[in-house]
Amino acid sequence: DVCSFRSNFNRPFLAKTVSDFWHRWHISLSSWVNVYIYNPIVLNRRDWGNFGVSYALLISFAIIGIWHGATWNFVIFGLLQSAALIFETFTVKSRRAVAKALPVFIFNILSIIVIFLFFSFSLVFFRTPGYNDAIAIIYRVFTARGGFFYDSSSTIIFAAMGIFILFLCDIQDEFKIFKIRFFKNEHWFVQQFAYILLLVTILVLGVFDGGQ
């Protein structure tokens with residue numbers, strides 16, 4: 001369909017590698033960089049082997065960082081991504097050996113958690129106004145003590161419910177664990193019940209006071 005929009009995010013937080021993550025995250029930008037920057041550099045430096053790939057990754061993700069803004073924090077964000085991808089380039093065999101040594105389910109879960117934590121860590125640089133702010137936050141994460149922040153017990157419950165529903169939907173779309181379908185069920189009654197349940201959930205958990 002000429003009028004349809006291409007999906008720009010494809011469940012990136014279920015990625016098992018950083019490479020897989022960047023095939024799912026901000027697909028329009030990463031695809032453009034892949035075609036016009038990464039591939040030409042790799043072809044031009046193909047005699048360098050993996051070092052040519054590493055050089056191309058370094059340049060490509062530095063540009064991705066700068067694309068978001070001309071500050072050192074965005075550059076560091078890009079360099080962190082490139083460093084992780086370079087690490088994956090040089091550790092293919094060892095990571096395959098680890099994958100064979102562990103049950104598939106355990107390896108996949110651990111991989112998803114590691115990639116999520118790594119990207120969350122890199123976002124500290126992405127979201128802070130300056131380098132010193134990012135370092136201060138990272139320092140506090142590993143050294144500070146204090147209670148868990150929340151507005152109220154009901155806030156935590158509603159947030160947990162929303163996260164659980166979204167997470168369950170993404171897992172189902174990714175791995176097709178459950179055979180039953182709700183919104184695409186062949187039975188009209190099941191479809192309508194699912195839509196009513198969704199509407200009630202929005203009315204109960206939704207924010208209607210003009211806030212975010």
Side-chain angles (χ1 to χ4, degrees), residues 6-35 38-39 42 46 49-58 60-61 64-65 77-127 138 141-142 148 156-157 159-187 190-191 194 197-198 201:
R6 180 180 179 182
S7 176
N8 204 27
F9 294 89
N10 182 26
R11 299 182 293 279
F13 293 124
L14 292 177
K16 303 178 190 69
T17 64
V18 180
S19 175
D20 183 29
F21 179 90
W22 280 99
H23 283 97
R24 298 164 174 260
W25 178 273
H26 213 325
I27 297 171
S28 58
L29 174 62
S30 57
S31 298
W32 187 92
V33 171
N34 182 64
V35 171
Y38 174 78
N39 284 341
V42 168
R46 56 184 177 273
N50 282 341
F51 291 101
V53 173
S54 301
Y55 176 70
L57 288 170
L58 196 66
S60 299
F61 277 88
I64 285 179
F77 168 80
L79 293 178
L80 283 172
Q81 304 303 316
S82 65
L85 288 165
I86 291 170
F87 172 80
E88 289 184 352
T89 300
F90 283 92
T91 58
V92 173
K93 291 183 179 179
S94 58
R95 287 187 292 109
R96 284 178 180 170
V98 173
K100 290 180 179 179
L102 294 174
V104 175
F105 176 76
I106 298 298
F107 179 78
N108 288 341
I109 292 295
L110 290 176
S111 298
I112 290 170
I113 292 173
V114 168
I115 299 306
F116 176 80
L117 292 176
F118 165 74
F119 189 72
S120 299
F121 173 80
S122 69
L123 286 180
V124 174
F125 291 94
F126 190 89
R127 298 296 296 175
I138 293 170
V141 165
F142 290 102
F148 182 70
I156 291 296
I157 293 172
M161 288 174 62
I163 291 171
F164 176 77
I165 292 170
L166 291 173
F167 193 60
L168 199 62
C169 290
D170 273 356
I171 290 176
Q172 173 61 15
D173 289 341
E174 183 76 13
F175 300 109
K176 304 294 188 295
I177 296 174
F178 310 108
K179 293 183 179 180
I180 186 171
R181 292 183 175 184
F182 292 101
F183 298 109
K184 296 181 180 179
N185 196 287
E186 59 183 8
H187 297 291
V190 176
Q191 279 188 339
L197 183 63
L198 178 62
T201 304

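The figures that follow rest on heavy atoms only: side chains count, while hydrogens, waters and symmetry mates do not.
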Between the side chain of S30 and the main-chain N/O of W22, is any donor-acceptor distance below 3.5 Å?
yes
Write down the atom of A84, the atom of V18, and the distance for their closest heavy-atom approach.
CB-CG2, 3.8 Å
For F175, is the CZ atom crowded, meaning more than 12 foreign heavy atoms sit under 6.0 Å from it?
yes
Hey, could you give me the CZ/CZ distance between F107 and R96, rounded to the nearest 0.5 Å?
11.0 Å
Is there a side-chain contact between D173 and R11, using heavy atoms and a 4.5 Å cut-off?
yes
Side-chain touch Q172/I177, heavy atoms, less than 4.5 angstrom:
yes
Of L57, L80, L58, V53, the residue whose pairing with L85 passes side chain to side chain contact (heavy atoms under 4.5 Å, CB included):
L57
Would you call D170 and E174 a side-chain contact if the rule is heavy atoms closer than 4.5 Å?
no
Interatomic distance, CZ@F9 vs OG@S28, rounded to 0.5 Å, equals 7.5 Å
Rounded to the nearest 0.5 Å, how far does CZ of F126 lie from CZ of F119?
7.5 Å
Inspect the surroundings of CZ in R95 and state if more than 12 heavy atoms from other residues, nucleotides or ligands are less than 6.0 Å away.
yes
Tell me whether the rings of F21 and F13 are parallel (<30°), tilted (30 to 60°) or perpendicular (>60°).
tilted
Ring centroid separation for F77 and F125, is it under 6.0 angstrom?
no
Pairwise distance CG(L14) to OG(S111) - rounded to 0.5 angstrom
12.0 Å
What one should report as the nearest heavy-atom pair of I27 and S7 is CD1-O, 3.5 Å
F121 versus I138: any side-chain heavy-atom pair under 4.5 Å?
yes
More than 12 heavy atoms of other residues, nucleotides or ligands under 6.0 Å from NZ of K100: yes or no?
no
Rounded to the nearest 0.5 Å, what separates atom CG in N39 from atom CG in N34?
4.5 Å
Please find the pair of heavy atoms, one from Q81 and one from S122, that lie closest to each other, and give the distance.
NE2-OG, 2.9 Å
So does F87 have more than 12 non-hydrogen atoms from other groups sitting under 6.0 Å from CZ?
no
Over all heavy atoms of both residues, which pair between T17 and D20 is shortest? Give the atoms and the distance, please.
OG1-N, 2.9 Å
F118 atom CZ, over 12 foreign heavy atoms within 6.0 Å
yes
With rounding to the nearest 0.5 Å, note down the distance linking CG in L29 to CD1 in I64.
5.0 Å
Look at the side chain of N185 and the backbone N and O of Q191, then say whether any donor-acceptor pair between them is shorter than 3.5 Å.
no
Heavy atoms of other groups near H26 NE2, more than 12 under 6.0 Å:
yes
Search all heavy atoms of V42 against all heavy atoms of A56 and return the closest pair with its distance.
CG2-CB, 3.5 Å
